[in-house]
Amino acid sequence: MCVCPGPRRIAIPVRSSRLPLLSDAMPAPAHLFPLIRNCEISRICSTVCYCHHKHLCCLSSHFAHSHFRYAPQKKFAALYRPKENFNHFIHMRDYASTPQRFYLTPPQVNSILKANEYSFKVPEFDGKNVSSVLGFDSNQLPANAPIEDRRSAATCLQTRGMLLGVFDGHAGCACAQAVSERLFYYIAVSLLPHETLLEIENAVESGRALLPILQWHKHPNDYFSKEASKLYFNSLRTYWQELIDLNSGETTDVKEALINAFKRLDNDISLEAQVGDPNSFLNYLVLRVAFSGATACVAHVDGVDLHIANTGDSRAMLGVQEEDGSWSAVNLSYDHNAQNEHEVERVKMEHPKSEEKSLVKQDRLLGLLMPFRAFGDVKFKWSIELQKRVVESGPDQLNDNEYTKFIPPNYHTPPYLTAEPEVIHHKLRPQDKFLVLATDGLWETMHRQDVARIVGEYLTGVHHQQPIAVGGYKVTLGQMHGLLTERRARISSVFEDQNAATHLIRHAVGNNEFGTVDHERLSKMLSLPEELARMYRDDITIIVVQFNSHVIGACQNEEL
Amino acid sequence: MAAGTTRFCAGIVSTARPVSIELKMADYSNKLYQQLEQETGVKTGYMKTGSISLAQTQDRLISLKRIASSLNVMGIPCEIITPKQVAQLHPLINIHDLVGAMYVPEDALVSSANVSLALATAASRNGVQIHERTSVSHVSVQKGRVTAVETDRGQIQCQYFVNCAGQWAYELGHSGEEPVNIPLHACEHFYLLTHPLKEPLASNLPTIVDPDGRIYIRNWQGGILSGGFEKNPKPLFTEGRNQLEIHNLQEDWDHFEPLLSALLRRMPDLEALQIMQLVNCPESFTPDMRCIMGESPTVRGYFVLAGMNSAGISYGGGAGKYLAEWMVNGYPSENVWPLDLKRFGALQSSRTFLRHRVMEVMPLMCDLKVPRWDFQTGRQLRTSPLYDRLDAQGARWMEKHGFERVKYFVPPGKDLLDLDQSKTFYKPDWFDIVGSEVKCCKEAVCVIDMSSFTKFEISSTGDEALESLQYLFSNDLDVPVGHVVHTGMLNEKGGYENDCSIARLSKRSFFMISPTDQQVHCWAWLKNRLPDDSNLTMEDVTWKYTALNLIGPRAVDVLSELSYAPITPEHFPSLFCKEMSVGYANGIRVMSITHTGEPGFMLYIPIEYALHVYNEVMNMGQKYGIRNAGYYALRSLRIEKFFAFWGQDLDAFTTPMECGREFQVKLEKGMQFVGQEALLEQKQNGVYKRFTMFILEDHDTDMDLWPWWGEPIFRNGRYVGKTTSSAYSYTLERHVCLGFVQHFDEKTGEELVVTTDFINQGEYEIDIAGQRFQAKAKLYPFSSLFTHRRRKDEEELSGYQRE
């Protein structure tokens with residue numbers, strides 16, 4: 001069910017004969033695009049209203065409660081307050097029937113696109129820059145309200161390297177939020193040498209000031225939970241204490257560290273939910289974190305060593321500039337979903353043959369979940385007994401919630417889901433110019449080849465346009481002038497954005513069939529009401545990391 | 001030889017230069033090149049074409065008129081012409097967007113490589129040896145003197161070395177054990193060469209300079225050569241030498257596009273003209289857009305001539321002449337302080353600073369040069385400890401020798417124009433702000449942070465300090481302890497090398513305060529002349545003290561409340577120095593001077609007390625109406641009091657006798673001092689120029705162009721000199737210009753003695769951009785201005801100031 005806004009990622013079947021009908025009734029975003037292209041916004045809206053209406057009927061008669069997790073807050077409220085819902089519906093009709101078109105002006109469009117943009121430049125001194133990373137641009141465009149994507153970026157202070165990640169939450173944003181706050185600490189701690197861990201532990205023990213582990217690069221909208229910080233810290237401390245005890249004496253392998261950190265954090269999320277917390281707010285929080293889910297795609301860059309750890313269906317892509325100046329894309333992660341044969345194979349291997357048929361249905365894990373790996377989602381990890389026990393002893397909000405109570409069908413041999421990442425190591429080369437980390441909201445709308453080209457052309461701007469040389473040709477001043485003016489015009493359109501991620505979102509949302517940004521289309525997509533936005537697009541979160549080819553080249557030469 | 005950037009030079013000899021000394025150099029170069037072919041037999045390609053500088057705006061035309069005024073009084077033909085006349089002089093120019101132009105018919109074109117060859121040929125004939133393809137590794141120095149040059153072909157012993165390495169001069173300066181700082185940085189510079197026109201351009205067609213379009217255009221082998229100074233220059237070689245790269249620098253058409261657009265706008269008919277080449281030839285630029293010449297302050301015999309800011313061919317001849325005079329005579333025949341290497345120190349030699357600064361300087365080549373513009377890059381390098389406090393109170397800043405100084409304070413709620421829009425030749429937008437600061441200085445009390453001044457301490461175990469200083473300074477320094485003496489530091493000809501105040505702290509130690517930009521020059525001058533005696537020490541304590549100028553009639557009240565020491569005029573007369581406590585801070589050096597002629601005190605505060613003393617002064621001053629003030633107020637105050645300042649009014653060619661400061665010279669102090677003979681002679685024979693104050697009579701402050709400096713002065717319709725500084729006097733409600741009046745014989749042009757009568761019996765006019773304003777000349781300041789005179793002795797009031 002829950003075909004409406006949220007539930008694309010996770011679906012819960014309902015014993016309702018009407019369900020298939022509903023599913024059919026909700027048009028997939030892709031089907032709607034041509035309509036939008038033809039400027040038939042009114043038609044779209046009326047269609048939507050129609051669906052919406054039917055959807056509501058069905059919902060209210062069957063199980064209003066189960067909708068709680070996925071539907072945007074507003075919509076959910078609508079379910080319970082018929083009057084408001086009615087007003088809302090009226091409003092929708094007004095919107096649909098108003099003949100005059102409502103367009104956002106370019107500044108309005110820009111203010112929406114730029115609301116969450118963030119840029120970080122690695123500080124350089126006196127023209128010298130020892131980091132292989134020049135900096136990064138990131139941005140998010142919400143479709144859900146509130147947005148369920150998260151992003152993080154930080155520089156490791158006790159070891160070298162920089163961490164960047166995108167997190168796509170489902171069934172709420174709690175898990176994505178927690179992972180975005182905590183994962184980098186787990187990774188950083190996993191990478192720390194034994195002495196530093198000891199030093200940190202001693203500092204905590206004696207109440208001295210801690211060495212800072214991470215320097216965060218956060219947009220003002222990226223928040224950390226104050227209430228849970230103590231709890232999170234204690235879990236993290238337990239982890240490093242274990243690392244100290246385990247002291248293997250070996251130098252930390254980045255790949256191993258990443259895998260350990262992912263698994264450990266997921267384990268801690270699970271444990272915290274089982275143990276609970278005397279503080280009722282925190283108790284509810286840890287449960288929400290555990291029962292919601294999040295995918296993670298994290299990059300660790302240290303000199304020429306790039307590691308991508310991926311869990312779920314976000315994606316990392318490397319932008320490579322070929323010798324002729326053109327751009328190509330190299331995937332640095334595999335999606336963990338039904339389209340990935342190896343992944344389906346893996347899941348099947350982990351469970352008895354008898355479950356083979358029920359494991360993957362409708363391209364979803366147990367017929368429900370699109371990503372095959374994720375943080376949280378204890379519904380796919382805990383035993384039925386454990387789930388029941390926790391839900392029953394949990395707070396009322398949890399108990400009243402149909403979703404948390406609901407046990408996936410054919411649930412015999414948990415866990416079905418893991419947070420273990422797949423790690424890919426790549427040695428950066430001078431032709432590797434940038435890295436794009438993005439949630440599936442981007443990859444659904446754009447091919448990676450286009451992403452590589454758009455970002456590549458944006459980042460290099462005028463400088464990497466093939467330089468003009470007169471050579472032996474006969475060129476007049478007028479011809480040259482014409483050529484140059486044209487080149488400049490092309491460039492100035494690129495420089496509308498100061499942020500590569502914003503530029504990419506502009507294309508992802510506003511591209512027409514010719515691959516250029518169509519303002520009218522962009523304006524329509526961005527002015528969709530909150531309730532509708534999710535049907536046309538998913539949350540999009542993008543981080544574009546730019547590499548310093550000079551530094552990379554120099555490192556390479558040293559190694560040679 | 002001439003294989004570097006000289007080979008690529010566009011070869012335009014242009015005398016239209018805003019700085020007077022540069023103008024003189026260009027004029028000399030032009031005359032030299034003209035006769036070079038005849039003298040040496042080497043073809044120099046000299047062609048007198050003239051040049052036309054175009055104005056697209058009225059402001060630009062004003063700046064051209066200012067240059068035209070100074071060219072005319074130099075005897076260089078020059079006229080302001082209409083767009084129509086431009087069209088008659090040059091067939092291809094689009095004149096529709098022009099408001100006027102300046103035509104300099106004597107300007108010329110040369111082949112720069114051939115000029116070099118001709119000069120070298122002439123030199124060789126006089127016995128000069130030229131080693132080509134020889135690279136210098138470093139210069140050997142012993143006991144602070146140049147001894148030899150090390151090259152890849154062995155050592156060459158020498159007494160003098162001239163670093164003319166152009167854009168490599170910086171590195172060459174740093175290659176020796178004793179580094180010589182030559183602050184310059186290269187930028188890429190582009191110009192375009194075309195094939196000839198169908199009807200080839202005449203080789204005598206004037207060169208066009210279109211500063212608003214940022215381009216220059218000259219005829220070149222029947223086609224054109226056109227380059228410019230773009231807004232976004234590309235600095236290069238920041239990291240250092242790569243001499244090979246200079247020959248394969250890339251053409252960058254996208255970068256050249258704005259200049260090409262400007263070219264086609266100016267000469268639309270060139271559209272069909274075929275491109276031959278886009279040349280990329282690096283040019284070196286200096287932090288203040290003036291070239292660098294002179295002797296190193298640290299190594300004697302080490303001379304420099306570099307940083308031509310892309311005008312090498314125009315300046316070359318003249319610069320060579322002055323440098324040669326300098327080496328042979330010990331000083332050049334003109335005041336070259338604006339170009340002296342010693343105006344810079346190590347502090348301008350950061351590569352990052354240079355890189356950023358030249359990116360501002362290169363576009364400035366074409367930008368409108370208006371009064372009071374400040375560089376925006378390379379700022380906040382040296383600051384007072386009070387910087388943040390003052391900034392938070394609305395301070396607007398300017399920079400001198402890397403030091404941030406307050407211009408004025410913008411009151412809360414008042415907005416000034418943006419930097420670009422505030423450029424004007426007329427009344428500036430801060431007029432009323434400075435007016436109220438001046439009023440406060442006159443009626444209540446103001447505080448001005450003057451920490452940038454150069455401060456030295458000279459002391460000895462015996463009498464060495466006094467003896468040496470008595471020899472080096474013109475005034476009598478053997479005064480009782482606690483006295484402050486204004487004195488010149490003169491050269492052998494009696495000219496001011498420095499103008500300073502010296503406080504006698506004790507029998508054997510002296511505290512010397514000089515202008516900000518004297519830090520390097522004065523240090524070198526004294527170092528070279530003080531006896532090499534371990535008993536005598538000199539220390540630069542500039543950084544140790546914050547200086548606050550407490551200025552105004554209520555300054556005495558503020559200070560007495562903060563200190564228990566009596567500071568009434570009886571106890572603390574003018575020109576005294578006492579160490580005392582101010583607030584909690586002890587050991588503050590208080591001097592009863594203000595550098596303006598107004599009553600008040602200078603407080604020299606050890607920097608750690610600066611904030612405390614400032615806070616105390618501001619708190620205590622509240623009831624006396626204290627407020628912050630800036631240098632613009634100070635400047636207005638001192639100019640209306642006829643105070644000259646070194647570097648602007650005074651230079652190495654001005655003696656105390658010529659600026660009414662005989663009283664600061666003690667010719668009979670019982671011992672010889674530098675410059676004494678020259679002064680004695682002047683005293684006997686009279687002076688040939690006289691520092692004079694002019695009050696503009698029929699000048700409308702709101703409507704008319706404001707004077708700046710460098711305006712020609714006319715006496716009875718004849719040119720007699722130039723102004724050196726000017727300011728609006730809020731007290732007189734008139735503009736005041738200071739300048740030197742000379743007396744040229746009407747027939748022969750010979751310089752005659754200037755007498756008081758000659759000054760007083762004349763009708764004067766000041767020429768501001770071609771418009772003449774009547775002016776009243778005065779040799780002494782208005783005594784009526786001094787409403788709060790505290791001492792009969794007028795010594796301070798009658799003439800000492802600096803900026």
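Note that these values count all heavy atoms, side chains included, but never hydrogens, waters or copies made by symmetry. Throughout, protein chains are lettered first and strands after them, A, B, ... in sequence-line order, and every chain is numbered starting at 1.
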Problem set entry | Steps toward side chain to side chain contact (heavy atoms under 4.5 Å, CB included) verdict (B:E257, A:T485) | CA-CA 7 Å; B:E257 187 268 335; A:T485 344; 4.2 Å; yes
Problem set entry | Check against side chain to side chain contact (heavy atoms under 4.5 Å, CB included), B:L264 and A:H481 | CA-CA 8 Å; B:L264 289 178; A:H481 184 233; 3.4 Å; yes
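To the nearest 0.5 angstrom, A:L477 atom CG is 6.0 Å from B:I224 atom CD1.
Contact annotation for B:L192: only side-chain heavy atoms (C-beta onward) come within less than 4.5 Å of a heavy atom of chain A.
What you find for B:L260 and A:M480 is that their closest heavy atoms are CD2-CG, 3.8 Å. Nearest approach of B:I275 to A:T476, heavy atoms of both residues: CD1-O, 3.8 Å.
Counting heavy-atom neighbours within 6.0 Å of A:E322 CD, excluding the residue itself, gives a total above 12.
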